[in-house]
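Written out below as structure tokens is the structure these notes cover.
Letters A, B, ... are given to chains in the order of the sequence lines, protein chains preceding strands, and every chain is numbered from 1. The basis for the numbers below is simple: all heavy atoms, side chains too, and nothing from hydrogens, waters or symmetry mates.
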There are 2 protein chains.
Amino acid sequence: MADLETRELRYFVAVAEELHFGRAAARLGIAQPPLSRAIRQLERRLGVQLLDRDRRGAALTEAGRVLLGEARVALDAVAAAERRTRRAGERSLVLVTKAGASHELLRRLLDALASEPGAPPVEVLLCEVGEQAHRLRDGQADVAIMHRPYDDLAGFDTADLCVEGQVAILPAAHPLAAREQLTLADVSDVPGLPIARWPRLDGTYPDGPGPEVRTQSQLAQLVALGKCLLVIPASSRAWQWPEHVAVPVVDAPDVTTVIAWPRSSHSQAIAALVRSASSVADGSA
Amino acid sequence: MADLETRELRYFVAVAEELHFGRAAARLGIAQPPLSRAIRQLERRLGVQLLDRDRRGAALTEAGRVLLGEARVALDAVAAAERRTRRAGERSLVLVTKAGASHELLRRLLDALASEPGAPPVEVLLCEVGEQAHRLRDGQADVAIMHRPYDDLAGFDTADLCVEGQVAILPAAHPLAAREQLTLADVSDVPGLPIARWPRLDGTYPDGPGPEVRTQSQLAQLVALGKCLLVIPASSRAWQWPEHVAVPVVDAPDVTTVIAWPRSSHSQAIAALVRSASSVADGSA
DNA sequence: CCGCTCTGATACTCGCCGGGTATCAGTAGG
DNA sequence: CCTACTGATACCCGGCGAGTATCAGAGCGG
């Protein structure tokens with residue numbers, strides 16, 4: 001059984017995402033005929049039909065859908081191998097976190113590391129919601145600050161850093177903004193003030209009345225404009241606008257901030273960073 | 001940046017495991033010179049030295065150790081992509097479990113599935129201790145019965161099935177075998193009856209006086225011969241020999257039997273199987 | 001109804017690169 | 001010093017991946 005090569009996987013992913021051989025070939029920087037041949041050969045080798053060809057494009061079969069998911073995971077793993085090996089010499093670590101989240105904790109962590117003599121230098125990579133796991137999987141980052149139960153922690157080792165309640169972020173002009181505290185019942189189904197919808201792990205959006213958002217700046221502006229509200233961990237108040245008001249939601253589930261790293265990492269630099277993070281979090285509790 | 005190909009990763013893993021270009025080449029079924037060239041080219045491309053060559057072999061550098069770990073993960077992911085795609089058409093699932101463990105639960109689960117009309121057919125794959133995670137990662141199996149905290153559950157979704165205490169398995173002739181119950185203190189440091197040592201995740205053995213074992217049959221025979229004892233979940237008594245005696249260890253940590261599946265699986269066949277397993281486990285509790 | 005245009009498939013050539021054999025070169029050990 | 005063993009180098013060949021040119025079928029407009 002001739003093994004799959006990453007080239008074949010990249011080709012297939014391109015076709016599966018474009019559902020069009022010509023566009024996929026352009027994206028890959030090759031001509032269309034070799035791409036058609038490569039996919040055919042892949043199907044022959046696997047003994048499975050991956051695509052239903054049609055005169056106006058291609059559609060994934062069930063096997064194709066399986067391969068698309070598995071191929072993405074595999075390509076991430078290969079990319080991670082490459083990146084982490086390249087960076088193996090350097091002693092610095094890349095820490096990824098959601099822009100704006102756990103700001104205070106992060107600042108204290110960086111301060112503690114800077115003042116510690118033997119600590120490894122840390123680069124900080126900020127990303128949008130839900131992207132940390134991907135950065136960790138494909139090797140762009142070594143450790144991540146994530147939040148349970150919001151983020152996808154599967155496949156990572158984690159250490160809890162701190163637990164916090166959640167607050168509702170409201171437009172300052174809204175009546176609810178004057179309240180001392182709120183409940184989940186208060187903030188769901190507020191007329192004219194729906195809860196914004198984040199993309200799920202697969203990139204699609206849940207149904208609902210709220211606007212679809214991808215980035216924190218979109219969200220911040222929407223709240224300021226009085227278009228929606230949101231419920232987030234209390235520490236995220238760091239990016240509150242003057243037009244925002246944060247009100248504790250007493251019955252919202254607690255959010256645990258964790259530091260996560262790939263299961264396969266045995267580096268003692270990561271271990272040291274985790275230790276620092278844990279002690280910083282304890283000190284502040 | 002020309003991406004890594006799986007061929008290069010396989011070559012590197014072979015060399016890194018053999019620490020000898022000639023043997024690695026033989027294992028790969030190619031000649032030694034192309035292998036040397038491939039590794040050199042890999043080092044050039046990554047800009048990192050992976051091996052320290054020496055007149056009597058090769059040794060891994062730090063970067064080489066990183067790549068070895070990452071490459072194994074990546075190759076597993078690629079192999080999984082291939083296997084799962086090949087099997088995408090078939091409706092049957094492969095369930096892997098440790099030979100001898102949770103036998104009663106497994107039998108009830110299979111019975112329940114057999115009598116259920118719409119249930120997917122299930123093949124059972126038996127393996128040795130600690131191998132389930134690997135089978136799940138490289139696509140040889142779709143779901144696994146595993147035991148917390150013994151098994152490596154990182155990267156999988158899991159559902160708890162049942163919780164049980166642990167028993168000490170002793171040679172029937174030993175004085176301790178007559179006891180009604182034992183404590184961990186009783187069974188540690190028994191003169192002439194050490195606890196057997198299992199390989200860790202990386203294949204090495206912890207230090208200690210007991211014999212090194214890999215398989216359950218080795219273990220069973222060693223106990224029958226009076227060479228060692230072991231502490232295992234109560235349900236594993238299924239493979240007890242006549243020369244064995246099982247005595248509850250009251251203060252040993254409980255073991256949770258779980259059913260685990262890869263995070264990336266969205267198949268409803270797996271979901272159905274997990275539901276069946278959960279209800280079977282509940283019914284027996 | 002013909003032809004234009006879009007799709008993916010086929011035919012053929014070319015050149016790179018992965019693989020082979022033969023050989024070199026340095027070191028350890030007798 | 002010679003032998004045996006390591007990995008590295010030199011050189012050649014063949015396969016396969018990629019390119020261009022072209023085909024074939026389906027939709028659609030004039």
Side-chain angles (χ1 to χ4, degrees), chain A residues 1-61 63-65 67-68 71 75 78 82, chain B residues 1-61 63-65 67-68 71 75 78 82:
Chain A
M1 96 151 72
D3 289 275
L4 286 184
E5 285 299 327
T6 61
R7 184 180 48 81
E8 308 180 84
L9 294 178
R10 280 195 306 274
Y11 284 10
F12 174 74
V13 168
V15 174
E17 286 179 353
E18 299 285 347
L19 294 177
H20 189 290
F21 281 74
R23 280 196 301 274
R27 191 172 113 182
L28 293 166
I30 64 171
Q32 168 257 319
L35 180 57
S36 287
R37 249 187 320 162
I39 302 292
R40 271 209 174 280
Q41 183 173 335
L42 181 60
E43 287 179 318
R44 260 208 338 270
R45 280 238 314 272
L46 292 174
V48 174
Q49 182 149 3
L50 299 170
L51 296 159
D52 289 320
R53 274 82 158 175
D54 185 279
R55 290 301 153 197
R56 57 187 154 290
L60 283 173
T61 62
R65 271 186 290 276
L67 182 56
L68 178 57
L75 289 176
V78 171
E82 183 168 352
Chain B
M1 99 153 70
D3 290 273
L4 288 183
E5 285 300 327
T6 62
R7 184 180 48 82
E8 309 181 84
L9 293 178
R10 282 195 302 276
Y11 284 10
F12 175 74
V13 169
V15 175
E17 286 178 355
E18 299 286 347
L19 294 177
H20 189 289
F21 281 75
R23 281 196 300 274
R27 192 173 112 183
L28 293 166
I30 66 171
Q32 169 257 320
L35 180 58
S36 287
R37 246 191 322 166
I39 302 293
R40 272 209 171 282
Q41 184 172 334
L42 182 60
E43 288 179 319
R44 255 208 343 266
R45 281 237 316 271
L46 292 175
V48 174
Q49 182 149 3
L50 300 171
L51 296 158
D52 288 320
R53 276 82 157 173
D54 186 279
R55 290 301 152 196
R56 56 188 157 293
L60 284 173
T61 63
R65 272 187 289 277
L67 183 57
L68 178 57
L75 288 175
V78 171
E82 182 168 351

Whole-Å distance between D/dG15 P and B/Arg7 CZ? 17 Å

Here's one to test your reading of the geometry: is the NZ or CZ of B/Arg7 within 45 degrees of the ring axis of B/Tyr11 and under 6.0 Å from its centre? yes

Nearest to the side chain of A/Phe21 - D/dA21, D/dA8, C/dG8? C/dG8

Could you state the CD1-P distance from A/Ile30 to C/dC16, rounded to the nearest angstrom? 18 Å

Any base atoms under 4.0 Å from A/Glu5, or only sugar-phosphate, or nothing? Heavy atoms, all strands. nothing

Candidates D/dT6, C/dA9, C/dG8 - which lies nearest the side chain of A/His20: C/dG8

Measure CD/B/Glu18 against P/D/dT6 and give the value in whole Å, please. 12 Å

Between B/Glu17 and B/Ala14, is there a donor-acceptor pair closer than 3.5 Å when you use the side chain of the first and the backbone of the second? no

Return whichever of B/Pro33 or A/Arg23 has its heavy-atom-nearest nucleotide of DNA chain C closer to the 5' end. A/Arg23

Return the value, rounded to whole Å, for the distance between atom CG of A/Leu50 and atom P of C/dG8. 15 Å

Please compare A/Gln32 and A/Tyr11 by the position of their nearest nucleotide in DNA chain D and report the one closer to 5'. A/Tyr11

Using whole Å, report how far CD of B/Glu43 lies from C1' of D/dA8. 13 Å

Shortest side-chain distance from A/Ser36, nucleotide among C/dA9, C/dG18, D/dG17: C/dA9

Salt bridge present between B/Glu18 and B/Arg27 (N-O < 4.0 angstrom): yes

With a 4.5 Å limit on heavy-atom distance, are the side chains of B/Leu4 and A/Thr6 in contact? no

Is a donor-acceptor pair below 3.5 Å formed from side chain B/Arg37 to base C/dG19, judging by atom type as modelled? yes

Does any donor-acceptor pair link the side chain of A/Arg53 with the base of C/dA9 at a separation under 3.5 Å? no

Looking at B/Arg45 and B/Glu8, is there a salt bridge between them, counting it only when a charged N and a carboxylate O are closer than 4.0 Å? yes

In whole angstrom, what separates A/Ile39's CD1 from C/dT10's P? 14 Å

Rounded distance in Å - CG (A/Leu35) to P (C/dT7): 14 Å

Rounded to the nearest Å, what distance is computed from the CG atom of residue B/Leu19 to the P atom of nucleotide D/dT6? 13 Å

